[in-house]
Every structure is written in C-alpha cells, then in structure tokens.
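Have a look at the structure below before the remarks.
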2 protein chains.
Amino acid sequence: MTDCLFCKIAAGEIPCNKVYEDEDFLAFNDINPKAPVHVLVIPKHHLASLNDADEQDVGLLGLLMDATRKVARELGVDNPGYRVILNVGKGGGQEVFHIHVHILGGKILPF
Amino acid sequence: MTDCLFCKIAAGEIPCNKVYEDEDFLAFNDINPKAPVHVLVIPKHHLASLNDADEQDVGLLGLLMDATRKVARELGVDNPGYRVILNVGKGGGQEVFHIHVHILGGKILPF
C-alpha cells in the first residue's frame, strides 16, 4: 500500500492535523474544508472504497461508522448535528481510494 | 414505534416506491429527489440516528453500509460512482428520526 496517501498518513509517514486516533481509526482535518468543521475518518486498514467491500468488511464498516459517531461527539458537532458523506468511485467524487468518511458540521446544513 | 414514518413504511402500512428489500433492510426512492437516482436505505429495526447508536448497534451499522453497497450495485450507480449521505440530527438536515442512508447517483457529483 506504499502508494496510498491515507495509508501513509495512518503510518505517520505523512503529517496530518489529527483530531482523533485509536488502535484502528484515525481522524484529521480535511485540507480543503467545506464547512467550519470538516474532518475525515479513516480506518488504518486499507480498503479502497465502499464499492470494494465484501462480506468480511462488514465489521470494519460498522466500526468505521461507530468511530465517526465518537469523533463527531468529541468535536462537539453531535448537537445540533452533522452530515456524514462517503464519496464512492470517481463519479461519486472520491479522490483518495482509501475509504474515508467526511464529517461536516459547525453550521446548519440544509439538504 | 407507531409514530415513526419509516417504521410504518418498513411494516408496509405506508406505501413506498421500493427498489430493494431483504429480511432486515428496505430501500425506496426519495420523494424529493436531489439527483437522477436518489434512494433511501433503512434498517427495519428502529434506530433514531447515528447519534443514538451504541456499542450494540455496531453490527447493524455495518450491515446498513453493506446493504447500501448492494443497493447501489443493483441500481447500477456503482460505476462511475455515487454519494452516500447520512444527515445526523436536525442541524445536520435529518428530517425523519429513523436512521437512513441517502444514495445519490446517476450523474457526476462534484464535491
């Protein structure tokens, strides 16, 4: 996975503005924020995208969403709320092919 | 859960434009679509929002994401891709407090 930007960030080889870390997940500020709070949550384990998940990744996906919930609470955006976005594939706007969850918050988000 | 719109849809008490169903999940077209394909994926089990999840819901969250992946593939939006959105809390744009995943696709989605 030496060519994967987020694997390198997870390994500490490339710096990030870290806001959360546990054994399996890492969260850091998006370098091009779209909201006052814009954080990416990634698993340290490499999975290219939701499209590439299979049955054995279901546990990872659940833990990724649970980590997202925890990070949002730690950031204080859980009340009044936040938006969770996964861009899947190039047509979905995915730019880095290591699965990542965007947390957007810090303002009211009309839909 | 008699007051929950999506519990009523899951129970078949209120009609929906269904695109997918299995034992635990249901997907149907959003009544106010924001893209050529705009589908909601819900668990039949009631959980108000990601904010309300706890440790025992991690399995459900993983299966919800896996169902989302399957629905996107069945809809044919997995290539070139799609966007997955969860609005969490009123400030995040959540309107129905039964957790649901938006799948947006059918056009290129800039981010």
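All chains are named by letter (A, B, ...) in the order of the sequence lines, taking the proteins before the strands, and each is independently numbered beginning at 1. FYI, side chains are in, hydrogens and waters are out, and symmetry mates aren't considered; it's all heavy atoms of this structure.
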When hydrophobic residues are tied together by side-chain contacts of less than 4.5 Å, even through go-betweens, does [X] share a cluster with [Y]?
{"X": "Leu63(A)", "Y": "Val19(A)", "result": "yes"}
{"X": "Leu47(B)", "Y": "Tyr82(A)", "result": "yes"}
{"X": "Leu60(A)", "Y": "Val71(A)", "result": "yes"}
{"X": "Tyr20(B)", "Y": "Met65(B)", "result": "yes"}
{"X": "Val41(B)", "Y": "Leu75(B)", "result": "yes"}

Taking [options] one by one, which has the highest count of heavy-atom pairs under 4.5 Å against chain B?
{"options": "Leu64(A), Val77(A), Thr68(A), Asp66(A)", "value": "Asp66(A)"}
{"options": "Ile108(A), Leu61(A), Leu86(A)", "value": "Leu86(A)"}
{"options": "Ser49(A), Gly59(A), Gly62(A), Ala72(A)", "value": "Gly62(A)"}
{"options": "Glu55(A), Arg73(A), Gln94(A)", "value": "Glu55(A)"}

**Asked** Where is the tightest heavy-atom contact between Val84(A) and Leu50(B), given as atom of each residue plus distance?
**Response**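 Minimum heavy-atom contact is CG2-CD2, 4.2 Å.
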
**Prompt:** For Lys90(A), does the NZ atom sit with more than 12 other heavy atoms under 6.0 Å from it, leaving out its own atoms?
**Reply:**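 Not more than 12 within 6.0 Å, no.
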
**Message:** Within the supplied structure, the quantity of interest is the number of heavy atoms (other residues, nucleotides, ligands) at a distance under 6.0 Å from Glu13(B) CD; does it exceed 12?
**Reply:**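 Correct, the count exceeds 12.
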
**Request:** Could you list which of residues 100-107 of chain A have a heavy atom closer than 4.5 Å to any heavy atom of chain B, in residue-number order?
**Result:**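 Those residues of residues 100-107 of chain A which have a heavy atom under 4.5 Å from chain B are His102(A), Lys107(A).
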
**Asked** Hey, which residues of residues 32-40 of chain A are touching chain B, say heavy atoms under 4.5 Å apart?
**Response**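 Expected list: Lys34(A), His38(A).
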
**Prompt:** Can you tell me if Asn87(B) uses its side chain to pair, donor with acceptor, with the backbone of Arg83(A) under 3.5 Å?
**Reply:**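 Not at all, since once roles are kept as given, no pair shorter than 3.5 Å links the two residues.
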
**Prompt:** Does the side chain of Arg69(B) come within less than 4.5 Å of Val88(A)'s, by heavy atoms?
**Reply:**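 No. Closest side-chain heavy atoms not under 4.5 Å.
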
**Request:** To the nearest 0.5 angstrom, please state how far the CD1 atom of Ile85(B) sits from the CD1 atom of Ile85(A).
**Result:**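 Here the interatomic distance stands at 4.5 Å.
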
**Item:** Residue selection (most heavy-atom pairs with chain A, distance under 4.5 Å) from Gly89(B), Gly93(B), Gly91(B)
**Value:**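 The candidate making the most pairs under 4.5 Å is Gly91(B).
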
